[in-house]
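Positions are given from 1 along the sequence. The structure presented is a predicted model; accordingly, all values stated were derived computationally and were not measured.
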Amino acid sequence: MNTKLKKVTALIPCYNEEEGIGAVIRGFPIKRMRMYGYKLNIVIIDNNSTDRTAEIARLFGATVLFEPNKGKGNAMRRGFSYVSRTKPDYVVMLDGDNTYRSQEILRLIEPLDSGFCNVVIGSRLGGRISEGSMESLNRMGNWIFSHLVRYVYRANVTDVLTGYFAWTLNALEQLRPHLKSNGFAIEMEMVTKMARLGEEISCVPISYDVRDGEASLHPFYDGMRILRMFAKNLFWNPAQPKIQRVAFVSDAVMPYNQGGKERRLYEISKRLVCEGREVHIYTMKWWNGTKDIVHDGVHFHAISKLYPLYSGDRRSIYQAIMFGLATLKLLFAKFDVLDVDHMPFFPVFSARIVTWLKRKKLHATWHEVWGRNYWLGYLKGPAGILGYLIERLSFMMPDVIISNSNHTTARLRLAGFKKEIKTVTLGVDLKSINTAKTANHKSDVIFVGRLLSHKNVGLLIKAIGIVRYSFPDILCKIVGDGPERKNIEMLIHRFRLEKNIHMLNLVNDHQGLYGLMKASKMLVLPSTREGFGLVAIEANAAGIPVITTSHEDNAAKDLIHEGHNGFLVEPNARNIADKIMYIMKNPKKMRSMENIEQYDWHFVAEQARRVFE
């Protein structure tokens, strides 16, 4: 027996396969594979199923990825991105409907392991087809397509439309950047492009059985797409694509700022670099020394000196104007894609001028929509009207808006934005959260965030004052800093809650922050305005429920399933106190959100990459 097991990842794309997925997972000969020196990782790509596919897969111990864009091609590209990060020795693909026998996986791996070839295709036409599993018309079409590919592409294949493949990691990495198909034409695209890439392909006989559940293949419609893919790739050039140069404009960036939008830009940028993009961020001069620096492979350029972001407790208008004017310097920058942060609006107008003159498409990332009423409350009198008009005008500038949440997307539509909107959310580092050590000092309640007026931390303090009468030893930790800190400290002193509420500065070490969350029983986020609510996902991933407000401007509410992973309340102290006491009395009843994998940063970066393509 080999002392070091070779890693094999089985990718299974699924759309509503609850009837067959359990049998597929059970069928893998895991013990036998270990005897031959292989360690298997089973990965399900849930293609926005509406049944219990993901739930059943998790019960059988599989890793579940989430792909919201329907289509087998979309699901497989999501899976291929995953294996590009995890680096197994071999990758196997098969369907989740139990038509392909997972127990035959060793038959596909052996030719790879022996060095006979670097791609193996499971051939149904050369193997055993169960009665009733393939219609005569489908068999004839497959036979014709397979012979055409063998003759035209000189590929050693006998079943070009099979769903059972195996690759060495290197072969798959050579193929992955070239795959564009969304649907069932993915198999034809893979085979024809592998042939053009000169891959060594071999076929092995496999079994093919009657599927469990209903089929989602449409023979005529998908057949035409497959034919079109065959013809299209006749003239495909396998030359490596040009390196894409992506430019971001944002006045605040990590590691100098620790907000959600800054973290989002940082995580997406460094992953785009790993995907082979050249990434440039244009910002203010937050650092000492030269104007241009490189961090984690990302190029940072200072296009203006550092202006304070805030004037008192409000964003500085002077800073917004000066940074907006500085954005015009991108007229002299080289880029293929430009994405500008919509806040504080003025850079959007400058970026529009730049992209018009350079004949480029303008992308803008939108974090929240304020609207007329909020502006009139934020800035009094004519200034509020002016702020609202500037926001409305800014909607007209981008060609594509990249929204950071479904909530923001809906608000943009409601505000009348008619052009293309792509939703690319914030995310979390699930691996980092899972590995974080629980802090030694436990708490009952934790708040994490910037201390701003709309965060309503004062309501949390009053709620703790109410809860104290039932739970005298209740301990709340407030983690953060900001303009409201002194007011919060005064309120704690006023209610004599110094023993029950501890103020902590914002923790820059994410592992330390996740440890504090794991050491608490719940997160309370009393905010009435959140563009997304990243901290709610982090708390759920750390295993604790979330209490937040049902206010219409609070996007975090969309992340909460009432009574499942948290509670929604009216923004008042009494309601917050009631839910805190409920969780204190029923600590085991809460669960984390479903499909939390879709918020992993790797998935978020993959979504951004597709938008920029």
Side-chain angles (χ1 to χ4, degrees), residues 249-252 257 259-262 264-265 309-321 323-324 327 339-352 362-398 400-419 421-426 449-456 482-484 525-536 548-559 571:
V249 177
S250 180
D251 58 355
N257 303 87
K261 73 185 187 77
E262 291 85 5
R264 177 182 181 275
L265 177 58
L309 291 173
Y310 285 85
S311 177
D313 61 349
R314 292 189 177 93
R315 283 295 301 258
S316 168
I317 295 176
Y318 180 73
Q319 180 271 337
I321 293 172
F323 186 70
T327 303
D339 178 25
V340 58
D341 193 315
H342 85 100
M343 186 60 69
F345 296 115
F346 291 102
V348 177
F349 296 95
S350 298
R352 178 72 278 177
L362 176 60
H363 296 75
T365 294
W366 233 264
H367 303 282
E368 54 188 316
V369 178
W370 282 18
R372 186 174 185 274
N373 291 337
Y374 192 89
W375 274 109
L376 292 177
Y378 187 71
L379 297 173
K380 305 299 181 183
I385 296 293
L386 180 60
Y388 171 64
L389 291 175
I390 291 173
E391 181 182 42
R392 294 291 303 180
L393 285 171
S394 69
F395 290 151
M396 303 177 186
M397 299 298 107
V400 180
I401 281 184
I402 302 174
S403 165
N404 78 333
S405 70
N406 292 326
H407 175 84
T408 301
T409 298
R411 295 291 296 271
L412 285 164
R413 291 296 184 206
L414 194 62
F417 186 79
K418 303 296 185 184
K419 298 179 186 177
I421 301 177
K422 297 289 186 180
T423 303
V424 179
T425 68
L426 280 79
R450 188 161 172 77
L451 304 180
L452 301 171
S453 59
H454 67 265
K455 298 285 186 178
N456 293 311
E484 287 291 304
L525 181 65
S527 179
T528 53
R529 181 168 61 83
E530 292 291 332
F532 182 70
L534 176 63
V535 70
T548 191
T549 74
S550 56
H551 195 278
E552 63 178 357
D553 293 330
N554 178 24
K557 72 178 186 298
D558 297 334
L559 303 170

ring-ring contact (aromatic ring centres under 6.0 Å, His included) evaluation trace for Trp366 with Phe395: CA-CA 10 Å; Trp366 233 264; Phe395 290 151; 5.7 Å; yes
* Yes or no on side chain to side chain contact (heavy atoms under 4.5 Å, CB included) for Asp339 and Val249, after CA distance, side-chain angles and deciding distance? -> CA-CA 6 Å; Asp339 178 25; Val249 177; over 6 Å; no
Dump the intermediate steps for side chain to side chain contact (heavy atoms under 4.5 Å, CB included) on Lys419 and Ile401, then the final yes or no.
CA-CA 8 Å; Lys419 298 179 186 177; Ile401 281 184; over 6 Å; no
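The CZ atom of Phe323 sits 14.5 Å away from the OH atom of Tyr318 when rounded to the nearest 0.5 Å. With rounding to the nearest 0.5 angstrom, the CG atom of Asn554 is 4.0 Å from the OG1 atom of Thr549. Atom NE2 of His342 is separated from atom CD1 of Ile402 by 12.5 Å, given to the nearest 0.5 angstrom. The structure places CG of Asn373 at 8.0 Å from CD of Glu552, a figure rounded to the nearest 0.5 Å. For the atom pair Met397 CE and Leu362 CG, the distance stands at 9.0 Å (nearest 0.5 Å).
Between Thr408 and Phe532, every side-chain heavy-atom pair lies at or beyond the 4.5 Å cut-off. Between Ile390 and Phe349, some side-chain heavy-atom pair lies under the 4.5 Å cut-off. Under the 4.5 Å side-chain criterion, counting only non-hydrogen atoms from C-beta, Lys557 is in contact with His407. Residues Ser403 and Lys422 form no side-chain contact, since every pair of their non-hydrogen atoms from C-beta on lies 4.5 Å or further apart.
Glu530 and Ser527 form a side-chain donor-acceptor contact under 3.5 Å, judged by distance and modelled atom types alone. Thr423 and Thr409 share a side-chain donor-acceptor pair at under 3.5 Å. For Thr365 and Asn404, the side-chain atoms include no donor-acceptor pair closer than 3.5 Å.
Taking each heavy atom of Gly533 and Leu559 in turn, the nearest pair found is O-CD1, 3.5 Å. Gly384 and Leu376 make their closest contact through C-CD2, 4.1 Å (heavy atoms, listed as atom of the first residue, atom of the second, distance). Across Leu426 and Gly260, no two heavy atoms sit closer than the pair CD2-O, 3.4 Å. Ile421 and Leu412 make their closest contact through CD1-CB, 3.8 Å (heavy atoms, listed as atom of the first residue, atom of the second, distance). For Ala320 against Pro347, the heavy-atom pair with the smallest separation is O-CD, 4.4 Å. Shown here for Ser250 and Lys261, the closest heavy-atom pair between the two residues is OG-NZ, 4.0 Å.
With hydrogens and angles ignored, the 3.5 Å screen pairs a side-chain donor or acceptor of Asn456 with a backbone N or O of Pro526. Not a single donor-acceptor pair under 3.5 Å links the side chain of Thr327 to the backbone N or O of Ala351. In this structure, the side chain of Ser311 does not engage the main chain of Arg314 through any donor-acceptor pair within 3.5 Å. Between the Ser394 side chain and the Glu391 main chain, a donor and an acceptor come within less than 3.5 Å of each other. Between the side chain of Thr548 and the backbone N or O of Ala556, no donor-acceptor pair lies under 3.5 Å.
Taking the ring centroids of Trp370 and Tyr388, they lie at or beyond the 6.0 Å cut-off.
Counted within 6.0 Å of CG on Leu309, heavy atoms from surrounding residues, nucleotides or ligands total more than 12; the atom is thus considered enclosed. Around the CZ atom of Arg315, the shell of radius 6.0 Å holds more than 12 heavy atoms that belong to other residues, nucleotides or ligands.
The side chain to side chain donor-acceptor pair (under 3.5 Å) test with His454 is passed by exactly one of Arg529, His551, Glu484: Arg529.
Remark: Arg411 fails to qualify as a cation-pi partner of Tyr374 under the 6.0 Å distance and 45° angle criteria applied to the six-membered ring.
Using a 4.0 Å cut-off between charged nitrogen and carboxylate oxygen, Asp341 and Arg264 do not count as a salt-bridge pair.
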